[in-house]
Amino acid sequence: MFALTVSKSALLGTLITLSLATTACGQQSPKQTTPAATSAQLVGFTTATLPIEGMSCGSCVSNVKQTLKGLYGISTVAVSLEQRTATVAYDPQKVKPEQIQAAVNAKGYKAGALTTVTGK
Ligand SMILES: [Cu+2]
(Lines give C-alpha, C1' and ligand atoms only; values in the text may rest on other atoms or scores of the structure.)
Protein backbone atom coordinates (compact mmCIF):
# COMPACT_ATOMS: atom_id res chain seq x y z
CA MET A 1 0.00 0.00 0.00
CA PHE A 2 1.45 3.30 -1.01
CA ALA A 3 0.43 6.18 1.14
CA LEU A 4 1.65 9.15 -0.82
CA THR A 5 1.23 12.00 1.54
CA VAL A 6 2.53 15.30 0.37
CA SER A 7 4.09 16.78 3.42
CA LYS A 8 3.61 20.44 3.94
CA SER A 9 6.61 20.65 6.18
CA ALA A 10 8.23 23.20 3.91
CA LEU A 11 5.35 25.56 4.45
CA LEU A 12 5.15 24.80 8.13
CA GLY A 13 8.84 25.40 8.46
CA THR A 14 8.40 29.00 7.53
CA LEU A 15 5.66 29.42 10.06
CA ILE A 16 7.10 27.72 13.08
CA THR A 17 8.87 30.56 14.73
CA LEU A 18 6.85 33.67 14.88
CA SER A 19 7.94 33.92 18.47
CA LEU A 20 10.66 36.34 17.54
CA ALA A 21 11.54 38.80 20.20
CA THR A 22 9.46 41.82 19.41
CA THR A 23 11.40 43.99 21.79
CA ALA A 24 13.34 46.39 19.65
CA CYS A 25 16.61 47.29 21.28
CA GLY A 26 16.11 50.98 21.83
CA GLN A 27 16.17 51.91 18.20
CA GLN A 28 14.25 54.98 17.21
CA SER A 29 11.40 53.94 15.00
CA PRO A 30 11.70 55.55 11.58
CA LYS A 31 8.26 57.02 11.21
CA GLN A 32 9.19 59.31 8.38
CA THR A 33 8.02 58.65 4.89
CA THR A 34 10.13 56.27 2.91
CA PRO A 35 12.84 57.76 0.72
CA ALA A 36 12.01 58.46 -2.89
CA ALA A 37 14.11 55.52 -4.01
CA THR A 38 11.66 52.99 -2.61
CA SER A 39 8.45 54.89 -3.18
CA ALA A 40 7.90 53.65 -6.71
CA GLN A 41 4.44 52.26 -6.33
CA LEU A 42 4.22 48.95 -8.08
CA VAL A 43 0.74 47.68 -8.70
CA GLY A 44 -0.01 44.66 -6.58
CA PHE A 45 3.09 45.05 -4.48
CA THR A 46 3.22 45.68 -0.79
CA THR A 47 5.96 47.81 0.66
CA ALA A 48 6.97 46.86 4.17
CA THR A 49 9.73 47.47 6.64
CA LEU A 50 11.20 44.89 8.94
CA PRO A 51 13.71 45.31 11.75
CA ILE A 52 16.87 43.26 11.41
CA GLU A 53 19.23 42.61 14.28
CA GLY A 54 22.78 41.46 13.85
CA MET A 55 23.97 43.65 11.00
CA SER A 56 27.23 45.32 11.90
CA CYS A 57 28.89 46.37 8.67
CA GLY A 58 28.51 46.95 4.98
CA SER A 59 28.90 43.33 4.05
CA CYS A 60 26.09 42.40 6.40
CA VAL A 61 23.96 44.93 4.56
CA SER A 62 24.79 43.52 1.15
CA ASN A 63 24.35 40.00 2.43
CA VAL A 64 20.85 40.80 3.65
CA LYS A 65 20.12 42.74 0.50
CA GLN A 66 21.18 39.92 -1.80
CA THR A 67 19.26 37.41 0.27
CA LEU A 68 16.07 39.40 -0.02
CA LYS A 69 16.54 40.19 -3.68
CA GLY A 70 16.98 36.51 -4.36
CA LEU A 71 13.56 35.70 -2.98
CA TYR A 72 10.75 34.97 -5.38
CA GLY A 73 8.17 37.73 -5.32
CA ILE A 74 10.44 40.45 -4.01
CA SER A 75 10.80 43.51 -6.18
CA THR A 76 12.93 46.16 -4.52
CA VAL A 77 15.08 46.01 -1.43
CA ALA A 78 16.63 48.78 0.63
CA VAL A 79 18.64 48.00 3.73
CA SER A 80 19.65 50.54 6.34
CA LEU A 81 22.54 49.70 8.63
CA GLU A 82 21.90 52.74 10.80
CA GLN A 83 18.23 52.06 11.32
CA ARG A 84 18.74 48.28 11.28
CA THR A 85 15.85 47.83 8.96
CA ALA A 86 15.11 46.49 5.54
CA THR A 87 12.43 47.89 3.30
CA VAL A 88 11.05 45.55 0.68
CA ALA A 89 8.43 45.69 -2.02
CA TYR A 90 6.93 42.26 -2.39
CA ASP A 91 4.06 40.56 -4.10
CA PRO A 92 1.89 39.05 -1.35
CA GLN A 93 0.58 36.54 -3.87
CA LYS A 94 4.05 35.10 -4.28
CA VAL A 95 5.83 35.47 -1.00
CA LYS A 96 4.63 35.67 2.58
CA PRO A 97 6.05 37.95 5.27
CA GLU A 98 7.05 34.86 7.25
CA GLN A 99 9.15 33.65 4.34
CA ILE A 100 10.88 36.99 4.10
CA GLN A 101 11.73 36.85 7.78
CA ALA A 102 12.82 33.23 7.55
CA ALA A 103 15.21 33.98 4.68
CA VAL A 104 16.94 36.67 6.72
CA ASN A 105 17.05 34.49 9.81
CA ALA A 106 18.58 31.66 7.79
CA LYS A 107 21.56 33.93 7.13
CA GLY A 108 22.18 34.37 10.80
CA TYR A 109 20.41 37.65 11.37
CA LYS A 110 17.29 38.20 13.35
CA ALA A 111 14.36 39.63 11.48
CA GLY A 112 11.31 41.01 13.20
CA ALA A 113 7.77 41.25 11.94
CA LEU A 114 7.06 43.22 8.80
CA THR A 115 5.30 46.55 9.08
CA THR A 116 3.34 47.44 5.99
CA VAL A 117 4.05 50.91 4.66
CA THR A 118 1.91 50.82 1.57
CA GLY A 119 -0.27 48.19 0.01
CA LYS A 120 -1.92 45.39 1.92
CU1 LIG B 1 29.03 42.62 8.79
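It should be emphasised that the depicted structure is a prediction, and the values quoted were computed from it without experimental measurement. Order of appearance sets the numbers: ligands from 1, and atoms from 1 within every ligand.
The closest donor-acceptor contact from the side chain of Lys94 to the backbone of Tyr90 lies at 3.5 Å or more, if one exists at all.
When each of Asp91, Val88, Ile74 is tested with Phe45 by the rule side chain to side chain contact (heavy atoms under 4.5 Å, CB included), just one qualifies, namely Asp91. Each of Thr118, Thr76, Thr87, Thr115 was scored for a side chain to side chain donor-acceptor pair (under 3.5 Å) with Thr47, with one residue passing: Thr118.
Taking a cut-off of 2.8 Å, the protein N, O or S atoms nearer than that to the Cu ion (ligand 1) are Cys57 SG, Cys60 SG.
The side chain to side chain contact (heavy atoms under 4.5 Å, CB included) check on Ser62 picks up Ser59, with sequence neighbours excluded. A search for side chain to side chain contact (heavy atoms under 4.5 Å, CB included) contacts involving Lys65 returns Val61, Lys69, Val77, Val79, not counting sequence neighbours.
In this structure, the separation between OG1 on Thr67 and CD1 on Ile100 is 12.5 Å, given to the nearest 0.5 Å.
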